[in-house]
> 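One structure coming up, written as structure tokens, with questions to follow.
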There are 2 protein chains.
Amino acid sequence: MEYSDKQLQILDVAERLFAEHGFDGASVRDIAKDADVNVAMISYYFGSKEKLLEALFIRRVSEIRLQIENTVQNNALSPMDKIYQLVDTYIERMVNRQHFHKLVVREQMLRKESPVCMQIIETKKKNQELIRSIIKDGQNQGAFKNDVDVPLMMTTMIGTANQLITTQHIYRELNNLQDMPEEIFQENLKKKLSQHLKTIFKAILTYEA
Amino acid sequence: MEYSDKQLQILDVAERLFAEHGFDGASVRDIAKDADVNVAMISYYFGSKEKLLEALFIRRVSEIRLQIENTVQNNALSPMDKIYQLVDTYIERMVNRQHFHKLVVREQMLRKESPVCMQIIETKKKNQELIRSIIKDGQNQGAFKNDVDVPLMMTTMIGTANQLITTQHIYRELNNLQDMPEEIFQENLKKKLSQHLKTIFKAILTYEA
DNA sequence: GTTTAAATTAAACGTTTGTTTAGTTTTGCA
DNA sequence: TGCAAAACTAAACAAACGTTTAATTTAAAC
């Protein structure tokens with residue numbers, strides 16, 4: 001799908017407003033206003049508000065799909081390093097696309113049967129298979145434990161990252177970081193989160209229970 | 001605050017519908033219908049939809065506050081066992097009050113400056129202080145590492161639990177558990193989650209990085 | 001039994017919602 | 001230049017929204 005500048009503008013604004021106020025909380029008029037287009041253009045281009053949400057998801061999900069396919073091709077890396085690289089890819093993506101991931105957090109618990117949710121599930125399945133294959137390699141090499149719960153491991157990675165990203169204003173307050181400049185805070189977030197998840201994964205994958 | 005049966009009915013239905021469709025997605029008419037009361041009764045009792053949400057939060061937050069104060073009083077337990085007990089308390093609460101915790105997940109990222117969010121932050125601060133004191137004990141006894149990031153640790157606990165609870169239908173599908181009876185699945189959820197988080201916490205608190 | 005307050009109702013209030021219409025302007029091509 | 005298609009607009013649409021009103025029923029107190 002190729003979009004004009006105006007369509008992209010609508011998609012970007014919608015993504016932000018949906019993330020900030022929720023799908024039902026952001027009106028098409030608000031979106032049109034912020035995107036500097038007439039209200040009717042949203043129906044004209046995307047059909048409906050619901051379809052706008054779907055289009056928005058398709059855009060990001062295909063972006064993610066490309067990233068997944070290009071991830072961890074380097075066979076020179078050890079299984080553990082592959083996992084580490086995957087963690088960094090994940091964090092980078094989630095921090096860089098915060099608005100979208102807030103949307104995901106909400107929509108995956110609301111519209112359980114919608115096309116939007118189907119896309120999320122498909123993407124998770126792909127991700128899970130990728131991780132599972134890496135872990136199997138590690139187990140065959142004797143580097144990893146044999147009983148690893150991959151879905152739970154993913155849940156911790158995604159859950160921890162989501163929690164930190166969606167409630168970063170609370171995290172700032174709990175750590176007295178209100179005065180830290182936004183950009184530096186974001187970089188700190190990535191670094192801390194990355195190190196934290198790697199420690200956890202190392203424990204899950206290698207230490208005996 | 002003491003509520004009549006009818007008021008409690010409204011609060012329960014509102015909690016469920018807010019969790020299922022979001023605050024803006026659930027109308028006062030839907031709530032009134034499901035709670036078997038006239039629409040006007042909601043304004044009559046609670047003042048407004050927004051105030052209804054606040055009342056709902058106050059009810060659960062005070063419930064949680066009581067739980068926190070009664071937690072980990074047993075000084076015979078080792079620091080690690082205290083942490084373990086805290087994890088179980090947390091999971092038990094979140095699984096038993098799923099609707100409310102879905103609400104928390106959403107509202108803590110939307111209404112950043114609202115009274116509702118203030119309550120969440122206050123509760124988190126209390127929780128954090130409790131955990132911090134336990135960890136300090138463990139460090140003084142030489143049982144725990146000295147560099148423990150308590151907020152990040154909490155983020156992983158809450159984030160993992162939230163992620164698993166709010167997307168349990170996806171978790172079921174990823175693990176081919178669609179046919180497992182609901183009740184058994186919920187029990188499994190608690191057990192798995194408990195064991196998983198304890199493993200992680202043990203690693204974070206004791207193994208050297 | 002009468003009185004007063006609380007509980008409850010159906011209806012209406014004024015907004016806002018997402019979407020459509022009908023008309024106008026702009027664009028690209030012959 | 002002329003013309004059809006696409007882009008765009010302001011206005012109107014019906015439906016749904018949260019809330020209020022005014023009237024009625026129920027409950028409690030004296």
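A note on names: the letters A, B, ... follow the listed sequences, proteins ahead of strands, and every chain is numbered from 1.
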> List the atom pairs, donor and acceptor, that lie under 3.5 Å between side-chain atoms in residues 149-160 of chain A and the rest of the protein, sequence neighbours left out.
| residue | atom | partner | partner atom | Å |
| --- | --- | --- | --- | --- |
| A:Asp149 | OD1 | A:Leu152 | N | 3.1 |
| A:Asp149 | OD2 | B:Lys192 | NZ | 3.1 |
| A:Thr155 | OG1 | A:Pro151 | O | 2.7 |
| A:Thr156 | OG1 | B:Thr160 | OG1 | 3.2 |
| A:Thr156 | OG1 | B:His196 | NE2 | 2.6 |
| A:Thr160 | OG1 | A:Thr156 | O | 2.7 |
| A:Thr160 | OG1 | B:Thr156 | OG1 | 3.2 |

> With A:Val39, which residues qualify under side-chain contact (heavy atoms from CB on, under 4.5 Å), at least two apart?
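side-chain contact (heavy atoms from CB on, under 4.5 Å) check on A:Val39 returns A:Val28, A:Arg29, A:Ala32.
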
> Under the side-chain contact (heavy atoms from CB on, under 4.5 Å) test, which residues partner A:Tyr44, sequence neighbours left out?
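So A:Tyr44 forms a side-chain contact (heavy atoms from CB on, under 4.5 Å) with A:Met41.
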
> The criterion is salt bridge (charged side-chain N to carboxylate O under 4.0 Å, His left out); which residues satisfy it with B:Arg106, sequence neighbours excluded?
none

> Check every nucleotide of DNA chain C for an atom under 4.0 Å from a heavy-atom of chain B, then give the first and the last such nucleotide from 5' to 3'.
C:dA6 to C:dA12

> Atom CD of A:Gln9 to atom P of D:dA7: distance rounded to whole Å?
16 Å

> Counting only non-hydrogen atoms, which of residues 11-19 of chain A are less than 4.0 Å from DNA chain D?
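None - not one residue of the stretch has a heavy atom sitting under 4.0 Å from the strand.
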
> Suppose we screen for side-chain contact (heavy atoms from CB on, under 4.5 Å). Which residues come up paired with A:Leu77, at least two apart in sequence or across chains?
A:Asn74, A:Asp81, A:Lys82, A:Gln85

> Listed by chain and number, what are the salt bridge (charged side-chain N to carboxylate O under 4.0 Å, His left out) partners of A:Asp88, not counting sequence neighbours?
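Only A:Lys198 meet the salt bridge (charged side-chain N to carboxylate O under 4.0 Å, His left out) criterion with A:Asp88.
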
> Considering residues at least two apart in sequence or located in another chain, which fulfil the side-chain contact (heavy atoms from CB on, under 4.5 Å) criterion with A:Lys112?
B:Lys102, B:His169

> With a 3.5 Å cut-off and sequence neighbours excluded, list the donor-acceptor pairs that the side chains of residues 49-58 of chain B form with protein atoms.
| residue | atom | partner | partner atom | Å |
| --- | --- | --- | --- | --- |
| B:Lys49 | NZ | B:Phe23 | O | 2.8 |
| B:Lys49 | NZ | B:Ala26 | O | 2.8 |
| B:Glu50 | OE2 | B:Arg111 | NH1 | 3.1 |

> Give, ordered by number, those residues of residues 26-48 of chain A having at least one heavy-atom distance below 4.0 Å to an atom of DNA chain C; if nothing qualifies, reply none.
A:Ala26, A:Ser27, A:Val28, A:Arg29, A:Val39, A:Ala40, A:Ser43, A:Ser48

> Only counting residues at least two apart or in another chain, list the ones meeting salt bridge (charged side-chain N to carboxylate O under 4.0 Å, His left out) with A:Asp34.
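Expected list: A:Arg16.
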
> Tell me, please, whether A:Tyr3 has A:Arg59 positioned over its six-membered ring: NZ or CZ under 6.0 Å from the ring centre and within 45 degrees of its axis?
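A:Arg59 over A:Tyr3 ring: no.
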
